[in-house]
S.K.: 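Starting off with a structure, shown below.
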Amino acid sequence: MAANAQAMCTSFKQDLLNGLHAFGPSVVRAANTPDTFKAALYVTGSSIGAATTAYGSTGEVAGANYAAGGVPVTFNTPPTTSGTSAFVTPSANIVYSNVTLTTAFDCMLLYNSTAAGKNAVASYTFGAQTITAGTLTLTMPVNAPGTALLQLS
């Protein structure tokens with residue numbers, strides 16, 4: 001089994017050019033509403049990375065109070081530009097409350113749960129974790145060039 005890798009999913013770049021994803025409240029599509037994004041956790045060695053095209057349950061963690069598919073991610077701030085960069089960061093930390101995940105996990109997949117294919121956006125890795133009846137909080141970075149969670153330069 002390969003290791004998880006941090007990357008912007010290659011398919012996400014193509015999806016952007018096809019107008020699939022809508023972050024934040026300033027949507028310029030027929031539906032005029034932002035998409036819903038989620039964050040799912042994966043066990044170590046799940047092979048989540050740049051080649052991941054969509055959310056899938058293979059390798060996803062399981063445990064008390066963890067719902068398959070992960071938790072919603074809030075984007076209340078529209079994507080921003082500065083110089084040649086475009087960027088966006090969730091408007092709140094990503095929180096998994098009162099979970100018990102005893103199998104080591106080291107990866108979070110951000111994906112568009114509104115899209116029919118539950119299209120992948122990016123994967124983020126961190127040191128292997130386990131948690132017993134606790135809260136896992138993924139603290140979001142500052143929404144600025146060089147620090148935003150998602151950035152195109």
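Since the structure is predicted, the reported quantities are computational estimates derived from the model, not experimental observations.
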S.K.: Rounded to the nearest 0.5 Å, how far apart are OH of Tyr96 and CG of Asn65?
M.R.: 14.0 Å
S.K.: Without swapping roles, check the side chain of Gln151 against the backbone of Phe87 for a donor-acceptor pair under 3.5 Å.
M.R.: no
S.K.: Determine yes or no for a side-chain-to-main-chain donor-acceptor pair under 3.5 angstrom, with Thr147 supplying the side chain and Val142 the backbone.
M.R.: yes
S.K.: Please check this pair: side chain of Ser123 against backbone of Ala5, looking for a donor-acceptor N/O pair closer than 3.5 Å.
M.R.: yes
S.K.: Just to verify, which of Asn4, Ile94, Leu110 counts as forming a side chain to side chain contact (heavy atoms under 4.5 Å, CB included) with Tyr124?
M.R.: Leu110
S.K.: Taking the side chain from Ser113 and the backbone from Thr36, do they hold a donor-acceptor pair closer than 3.5 Å?
M.R.: yes
S.K.: Determine, using the 4.5 Å side-chain heavy-atom cutoff (strictly less than), whether Val95 and Val99 are members of one ILVMFWY cluster.
M.R.: no
S.K.: Report the residue from Ile131, Leu136, Leu109 that forms a side chain to side chain contact (heavy atoms under 4.5 Å, CB included) with Leu41.
M.R.: Leu136
S.K.: In terms of ring plane angle, is the pair Tyr111 and Tyr55 parallel, tilted or perpendicular, where the classes change at 30° and 60°?
M.R.: parallel
S.K.: Looking at CG of Leu101 and OG1 of Thr130, how far apart are the two atoms once the value is rounded to the nearest 0.5 Å?
M.R.: 8.5 Å
S.K.: Which pair of heavy atoms, one from Ala122 and one from Leu150, lies closest together, and at what distance?
M.R.: CB-CD2, 4.0 Å
S.K.: Any link between Phe12 and Val73 through a network of hydrophobic side chains (Ile, Leu, Val, Met, Phe, Trp, Tyr) touching at under 4.5 Å?
M.R.: yes
S.K.: How close do Glu60 and Ala40 get, counting heavy atoms only, and between which atoms?
M.R.: OE2-CB, 3.6 Å
S.K.: Identify whether Val43 and Val71 are in the same connected component of the hydrophobic contact network (ILVMFWY, side-chain heavy atoms under 4.5 Å).
M.R.: yes
S.K.: Judged by atom type as modelled, is there a donor-acceptor pair below 3.5 Å linking the side chain of Ser91 to the main-chain atoms of Thr74?
M.R.: yes
S.K.: I'd like to know if the side chain of Ser97 and the backbone of Thr135 have a donor-acceptor N/O pair within less than 3.5 Å.
M.R.: no
S.K.: Got a donor-acceptor contact below 3.5 angstrom from the Asn93 side chain to the Met140 backbone?
M.R.: yes
S.K.: Of all heavy-atom pairs between Met108 and Phe126, which one has the smallest distance, and what is that distance?
M.R.: N-CE2, 4.0 Å
S.K.: If you look at every heavy atom in Ser47 and Thr52, which pair is closest and at what distance?
M.R.: O-OG1, 4.0 Å
S.K.: Between the side chains of Ser153 and Ser85, is a donor N or O closer than 3.5 angstrom to an acceptor N or O?
M.R.: yes
S.K.: Assigning hydrophobic clusters by single linkage (Ile, Leu, Val, Met, Phe, Trp, Tyr; side-chain heavy-atom cutoff under 4.5 Å), is Met8 placed with Phe75?
M.R.: yes
S.K.: Hey, is the main chain of Asn119 close enough, under 3.5 Å, to the side chain of Asn112 for a donor-acceptor pair?
M.R.: no
S.K.: On a heavy-atom basis, which atom in Thr89 and which in Asn143 lie closest, and how many Å separate them?
M.R.: N-OD1, 3.1 Å
